[in-house]
Amino acid sequence: MTVPPTTRPARLRPPSRQMPPARTIVSTCIAAGALLSPQAHAALTENLAVSPVAMSLGNAVTADPPGLDSIHFNPAGLARITSDTRSDTVFGAMLRTTADFHQPVGFDVGGFTEDPLNGTHSDHNKQAIFIPIAGVPSPRLPFAAAAGLALSWHNEGSPWTFATGTYVPQAVGIDRTKNPNDPARFDGKQVVIQRLVYLSPSVGYKVNDQFQLGLAIPIAHQGFALDTEMRFPNKLLGIIGKLQDAWCGPSGNPLDELGFGLCGTDSTGKQSGRLRPFESIGEMRFAGTAPADVTFNVGALWQPSDRLGFGAVYQSGSKTVITGDYNFHANPMLPEFVRHMYNSLWGPVVAAMFGFPTSIPTDQGGSFTLVMPYPAHLQLGLKAKPIDGVQFNVDAGWTDWSKWNQMTFQFDRSVNLLEMARLFGQADSTKLIIPRGYRSVWSYGYGLQLDVWDGLKLRMGYEPRKSSVPTNKIDLIAPMPNLPVKSIGFSYETKDGMKLETGFSYARGRYNVPANTDCNLNCTDFFNVIYNPYAGLDVSGTLVLRYFGMKITQPF
């Protein structure tokens, strides 16, 4: 954190009755104009819990970066630190999601008109985190916790300040494993995307009292984990299932062995291999990391007067390459279907025409590579002090989430289970392409800081955070609706320079996706098989996030 100046207002004073100076009028008008500007769309998970000070001010701190948190928000702020300083931070967060599933009138998927998920509800999820080297811990967490440390070094009289710190600029973790029948399990039983900056060599340079520059080089660990059951409620699967029922009947068909092998039985004589669009076909699991992903932050501060300041920061993106292990587990339906086809007279001919595998193992694993870009971010900020003891902050930011147009998993071999998807236009079974379709958009943040009395500041913040995930692209892997964030916090500074700062934030969003409006979730189009696990269903839900941060800063 920034070491406090030697003088500070002893107590909030009432505004003077005299006409305010022109610069005060100008700064107030600029701040008001920014506050009244149209709200834009915000991003996904960035800046939610990087700094207790920033979160309490709606992350509108580019023009007034808080001490050592300047490493992330605007490294030019490091130049305002005038002694060797240390800050210790702790965070806690609770994330809750719900989802409801309903059949609309006329529901039909290939002749099947009753989805067992109709009328079900998903809730009682917990948080999940990714621990470097260890991965995702198996115990379910009542809340997610993190700690950070930052240090700065400054020689008296020098224009240079050097620093480094650890922090989490991006994190989302959802654990739905408590209920094995949770209907959301088909779109992420467990999902974790987490970026941990563990080293960030940084420097701030003071050009003069009004202008500062800064540069930071964050080195991050990117963790990714996905565990989900799969089902393909597709019209073709339904049609083939109905054809099997008509051709085979309840007791099979003696002519089937001379046909296509649609009426097989297992070792106990029970029917097997009957295709059902709503049955689970198996489970896929991924766990991978990018252990040292490097970006840079460059920023500038300009404060032409005591009552007005401007800031700008650019955080570079990166082409983050994640490598790790995968496993596909296949339930009996598709393996039995393929086995029966190859045990018939004409089945092998049809199977070869469609590129079906000769067999599907129960488990198949190996290594994968995933390019998951970390998006670039540009943020501009303004701070204005219309009267003594009152400061307004306004920020506008742009994040390049359009880089997440799709996620392509490249496997080290052909995955037999995915070879079945060739029928739906998925020609390469060494890849799994999951569409995303996110947008690069602008967002705003607003903050208010009040000097209550000597050493005590009260802060309030608001971020509209309209989602970068369009309504027709949302899913339960990233259930990020419009998420307005309301925050409050305070700062208390002792006479010996130690500063205690806290922030509390609450966010609640709701989404409603009617059937056949979102091809990441519930389309029934013939070729939209990957991935629409709730095809034809109306899906609605909520996301609630509560988080808290506390920081202690002191010279050393």
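These figures come from a predicted structure and were not determined experimentally. When a residue number appears, it is its place in the shown sequence, counting from 1.
Counting only heavy atoms from C-beta outward, the side chains of K466 and V441 never approach each other to under 4.5 Å. Here the side chains of L370 and Y326 are not in contact, with every heavy-atom distance at 4.5 Å or above. At least one side-chain heavy atom of R86 sits under 4.5 Å from a side-chain heavy atom of L149. Taking the side chain as every heavy atom from C-beta outward, S316 and Y374 never approach each other to under 4.5 Å. Residues Y492 and T502 have side chains not in contact (no heavy-atom distance under 4.5 Å, counting atoms from C-beta outward). Residues K457 and D451 form a side-chain contact, since some pair of their non-hydrogen atoms from C-beta on lies under 4.5 Å apart. In this structure, the side chains of T289 and H221 come closer than 4.5 Å at one or more pairs of heavy atoms. Y531 has its side chain out of reach of I477: every pair of non-hydrogen atoms, C-beta onward, lies at least 4.5 Å apart.
With respect to R80 and D64, a salt bridge is recorded, a charged nitrogen being found less than 4.0 Å from a carboxylate O. A salt bridge does not link D325 with R285: every distance from a Lys NZ or Arg NE/NH1/NH2 to an Asp or Glu carboxylate oxygen is 4.0 Å or more.
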- [ ] Determine, stepwise, if the pair N74 / T62 fulfils side chain to side chain donor-acceptor pair (under 3.5 Å).
- [x] CA-CA 6 Å; N74 187 347; T62 307; over 6 Å; no
Task: From CA spacing to verdict: side chain to side chain donor-acceptor pair (under 3.5 Å), Q222, Q170 - done: CA-CA 9 Å; Q222 182 78 52; Q170 179 193 62; 3.2 Å; yes
Task: Verdict with supporting geometry, H154 and T161, side chain to side chain donor-acceptor pair (under 3.5 Å) - done: CA-CA 5 Å; H154 176 84; T161 300; 3.0 Å; yes
Open item on the list: Between V197 and H72, is the side-chain contact (heavy atoms from CB on, under 4.5 Å) condition met? List the steps.
Closed with: CA-CA 10 Å; V197 173; H72 174 74; over 6 Å; no
- [ ] In sequence, state the C-alpha distance, the side-chain angles, and the governing distance for L417 and M284, and then conclude on side-chain contact (heavy atoms from CB on, under 4.5 Å).
- [x] CA-CA 10 Å; L417 186 60; M284 63 178 180; over 6 Å; no
Task: Criterion side-chain contact (heavy atoms from CB on, under 4.5 Å) on F224 and M407, from CA distance to verdict - done: CA-CA 12 Å; F224 172 80; M407 298 175 69; 4.0 Å; yes
Open item on the list: Show, in sequence, the C-alpha distance, side-chain angles and deciding distance for Q210 and V207, and conclude whether the side-chain contact (heavy atoms from CB on, under 4.5 Å) test is met.
Closed with: CA-CA 8 Å; Q210 288 75 42; V207 179; over 6 Å; no
Task: From CA spacing to verdict: ring pair (Phe, Tyr, Trp, His ring centres under 6.0 Å), F548, F504 - done: CA-CA 5 Å; F548 160 80; F504 307 82; 4.9 Å; yes
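Between the side chain of Y534 and the backbone N or O of P183 there is at least one donor-acceptor pair closer than 3.5 Å. Of the possible donor and acceptor atoms, none in the side chain of S429 sits under 3.5 Å from a partner among the backbone N and O of L418. Under a 3.5 Å cut-off, the side chain of T164 and the backbone N or O of S200 do form a donor-acceptor pair. The main-chain N or O of A376 is never found under 3.5 Å from a side-chain atom of D400 such that the two would form a donor-acceptor pair. D395 contributes no side-chain N or O that, together with a main-chain N or O of G445, makes up a donor-acceptor pair within less than 3.5 Å. Under the 3.5 Å distance criterion, the side-chain polar atoms of S467 are matched with a main-chain donor or acceptor of M480. In this structure, the side chain of Q194 engages the main chain of F130 through a donor-acceptor pair within 3.5 Å. Distance alone, capped at 3.5 Å, places no donor-acceptor pair between the E156 side chain and the S83 backbone. At least one donor-acceptor pair under 3.5 Å links the side chain of T228 to the backbone N or O of G188. N297 places no side-chain N or O within donor-acceptor distance of the main-chain N or O of Q315, the cut-off being under 3.5 Å.
Taking the six-membered ring for Trp and thresholds of 30 and 60 degrees, W302 and F310 have nearly parallel ring planes, at less than 30 degrees apart. In this structure, W401 and Y438 have perpendicular ring planes: the angle between them is above 60°, well past the 30° mark. Relative ring orientation between Y205 and W160 is described as tilted, the plane-to-plane angle lying within the 30° to 60° band. Between F556 and W153, the ring planes are perpendicular. Angles over 60° get that label, and only those under 30° would be called parallel.
A donor and an acceptor atom, one from each side chain of Q190 and R185, are nowhere located under 3.5 Å apart.
Counted within 6.0 Å of CZ on R546, heavy atoms from surrounding residues, nucleotides or ligands total 12 or fewer; the atom is thus considered open.
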